[in-house]
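Numbering starts at 1 and runs along the sequence shown. These numbers come from a predicted model, not from an experiment. Only this structure's heavy atoms are used, side chains among them; waters, hydrogens and symmetry mates stay out. Start at 1 and go down the list; that is how both ligands and their atoms are numbered.
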Amino acid sequence: MKEVNISDLERKFEERIAAEIRIEPNDWMPENYRKTLIRQISQHAHSEIVGQLPEGNWVTRAPNLRRKAVLLAKIQDEAGHGLYLYSAVETLGADREETIDDLHTGKAKYSSIFNYPTLTWADIGMVGWLVDGAAIMNQVPLCRTSYGPYARAMVRVCKEESFHQRQGFEIVTTLAQGTAEQKAMAQDALNRWWWPALMMFGPSDAESKHTEQSMRWKIKRHTNDELRQMFVNATVPQAELIGLKVPDDNLTYNEEKGGYDFSDIDWDEFWQVVNGHGICNKERIEARKKAKEEGIWVREAALAYAEKRAARRKQAS
Ligand code: 3HC
C-alpha cells in the first residue's frame, strides 16, 4: 500500500485554504483543524440552545399577542440554529450525545452573554438588538469560513438573525419613544447589556489563544477586536438615533481611525462569567440538564419509531 506522506497532505490542505477552496467532511484535514472546528462549532451550537432560556423567560409575559408571536418565532429559530450546528459538528466525527454532555458537565463553553438575567421587557429588546446584532457581526464573516458545512449553515442562520436584530431594535425604539417610564426602562437595559454584548466577541486579540491560528486556517476572517470595533461603530449611531446613551463616558468618534474609541472592557467580569461564576450560569446548566432528563422519552420514542420503520422497510425489500 502506498506510503501516505503527511507532508504532502498538509501541503495540499494549505493550498486549498490559500485558494479559497472549501474544506469538506471527506477531505483530509490536520487533526488540530478538526479539533478547533469541533470546539468552536459545538460551543456555537450550545450558545444557540442556551440562548433560548433568557428569552423563554418572557414568553408568558410579552406585552401583547404580536410581541409574543414574534418572540416565539425567534426562540424557535434559535433551536433550529442549534440543531444545524450540532449537525455540522457531527460531520467532523463528533458524537452528538457526547457533545451535549460536554455542555452539561462544564467541559464545553457557551457564550457568556446568556449568563445575564432578563429582568424587564426592554431586556428582550436588547437581546435582539445587541446580542443578535453582535452575533450577526460575528456570523456574517463565518459564511466565508473555510469549513464547508459551517459556512453553509451560517447563510441561513444569518438571514434569520437579521430578523431577530430588527425585531429587537423595534422593541427598544418603541420603548425609547414611549412614556418617560418606558424610556427609562430601555436606558436601564442598555446600561446592563452594553458591556456584556461587547464581551461576546471574546478576549482582546493580545489575550486570544486561538485567533492567530484560526485566522491562518481562515476559520476566522476577522479578529475579535476587529469585529468588536465594527459592532460598536454600527451600534452607537443606532442608540443615538432613538435617544439612548451608550454607558461609556469615554466613547468618542475618532475621525482618524474612522471609528469610536471606547473604554477598556472589565476582563475580570468576562473571565468570571466564562469560568462559571456569572449571575445565571448554574441556573442555565440546570435548565439544560432538566430538559434532557425530561426529554428522554421523546428521544426513545423517536428512535423506536425509526427502528420499527427500518425493520418494516427491510422486511418489504
Ligand atoms: N463566552 C464564553 N467563552 C468565550 C467567549 C464568550 N463570549 N469568548 C471567548 N471565549 C472562550 C473561547 O471559547 C476560548 O475557550 P476554549 O479554548 O475553552 O474554547 C477562550 O475563551 C479564548 O477565546 P478565543 O478568542 O481565543 O477563542 P475563539 O478563537 O474560539 O474565539 C469566539 C471566540 C469569537 C466566540 C469564536 O469561538 C466564535 O466566533 N464562535 C462562533 C460564534 C459564536 O459562538 N457566537 C456565540 C454567540 S451565538 C449567538 O449569540 C446566537 C444568537 O442567535 C443568540
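- For the pair Asn57 (side chain) and Thr118 (backbone), a donor-acceptor distance under 3.5 Å is present.
- Taking distance alone, with nitrogen or oxygen atoms compared against 3.5 Å, Lys74 stays at or beyond that limit from ligand 1.
- Ionic pairing of Arg192 and Asp188 is present here: one or more N-O contacts between side-chain nitrogen and carboxylate oxygen are shorter than 4.0 angstrom.
- In Val273, neither the side chain nor the backbone holds a heavy atom less than 4.0 Å from any atom of ligand 1.
- Exactly one of His164, Gln165, Lys159 qualifies for a side chain to side chain donor-acceptor pair (under 3.5 Å) with Glu161. That residue is His164.
- To the nearest 0.5 Å, the span separating CZ on Phe13 from CH2 on Trp217 amounts to 7.0 Å.
- Asp205 approaches Asn224 most closely through the heavy-atom pair OD1-N, 3.2 Å.
- Remark: minimum distance from atom 25 (O) of ligand 1 to any protein heavy atom is reached at Asn224 ND2, 2.8 Å.
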Donor-acceptor pairs are to be reported for all side-chain atoms of residues 296-306 against protein atoms at under 3.5 Å, with residues two or more places apart or in another chain.
from: Trp297; atom 1: NE1; to: Glu294; atom 2: O; distance (Å): 3.2
from: Arg299; atom 1: NH2; to: Lys292; atom 2: O; distance (Å): 3.1

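- Using a 4.0 Å cut-off to heavy atoms of Tyr110, the atoms of ligand 1 that qualify are 1 (N), 2 (C).
- Using modelled atom types, one finds no donor on one side chain facing an acceptor on the other under 3.5 Å when comparing Thr145 with Lys218.
- In the vicinity of Ala135, heavy-atom distances shorter than 4.0 Å reach the ligand 1 atoms 49 (C), 50 (O).
- The environment of CD in Glu240 is crowded: more than 12 heavy-atom neighbours from other residues, nucleotides or ligands sit within 6.0 Å.
- With a 4.0 Å heavy-atom cut-off, ligand 1 is reached by the backbone of Ser111 and by its side chain too.
- Nearest to atom 39 (O) of ligand 1 by heavy-atom distance, out of Val127, Asp205, Asn138, is Asn138.
- In terms of N/O distances under 3.5 Å, ligand 1 is approached by Asp132.
- Of the candidates Lys109, Glu161, Lys209, it is Lys109 that places a heavy atom closest to atom 18 (O) of ligand 1.
- Contact atoms of ligand 1 toward Phe201: 34 (C) (distance under 4.0 Å to a heavy atom of the residue).
- Atoms of ligand 1 found under 4.0 Å from any heavy atom of Gln43 (numbered from 1 in listed order, with element): 13 (O), 19 (O).
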Side-chain donor-acceptor distances from residues 271-278 under 3.5 Å, at least two apart:
from: Asn275; atom 1: ND2; to: Trp271; atom 2: O; distance (Å): 3.0
from: His277; atom 1: NE2; to: Asn275; atom 2: O; distance (Å): 3.3

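- Heavy-atom neighbours of Asp264 CG from other residues, nucleotides or ligands within 6.0 Å: at or below the threshold of 12.
- Regarding atom 38 (C) of ligand 1, its nearest protein heavy-atom neighbour is Gln40 NE2, 3.5 Å.
- Residue contacts with ligand 1, taken as heavy atom pairs separated by less than 4.0 Å, involve His44 via backbone and side-chain atoms alike.
- The closest heavy-atom contact to atom 23 (O) of ligand 1, among the options Pro203, Ser42, Pro141, Ser208, comes from Pro203.
- Between Lys74 and Glu78 there is a salt bridge, since a side-chain N of the basic residue sits under 4.0 Å from a carboxylate O of the acidic one.
- Of the protein's heavy atoms, Arg39 NH1, 4.2 Å lies nearest to atom 12 (C) of ligand 1.
- Considering all non-hydrogen atoms of both residues, Pro117 and Asp123 come closest at O-OD2, 3.4 Å.
- Close approach of ligand 1 to Gly202 is summarised as follows: ligand atoms under 4.0 Å from at least one heavy atom of the residue are 8 (N), 9 (C).
- Using a 4.0 Å threshold on non-hydrogen atoms, atom 32 (C) of ligand 1 does not count as touching the protein.
- Among protein heavy atoms, atom 35 (C) of ligand 1 sits closest to Met200 O, 4.2 Å.
- The pair Arg152-Glu24 meets the salt-bridge criterion, with a side-chain N (NZ, NE, NH1 or NH2) lying under 4.0 Å from an Asp/Glu carboxylate O.
- For Gly51, the heavy-atom gap to ligand 1 stays at 4.0 angstrom or more.
- Contact annotation: Lys220 has at least one heavy atom less than 4.0 Å from an atom of ligand 1.
- Residue contacts with ligand 1 for Met199 involve N, CA, C or O but no side-chain atom from C-beta outward (heavy atoms, distance under 4.0 Å).
- By heavy-atom distance, the residue among Tyr150, Trp271, Phe270, Phe114 lying nearest atom 5 (C) of ligand 1 is Phe270.
- With a 4.0 Å heavy-atom cut-off, ligand 1 is reached by no atom of Ile113.
- Of the N or O atoms in Ser214, none lie within a sub-3.5 Å distance of an N or O in ligand 1.
- No more than 12 heavy atoms of other residues, nucleotides or ligands shown are found within 6.0 angstrom of CD on Gln315.
- Between Lys290 and Glu286 no salt bridge is recorded (no basic side-chain N to carboxylate O distance below 4.0 Å).
- Using a 4.0 Å cut-off to heavy atoms of Ser112, the atoms of ligand 1 that qualify are 1 (N), 2 (C), 6 (C), 7 (N).
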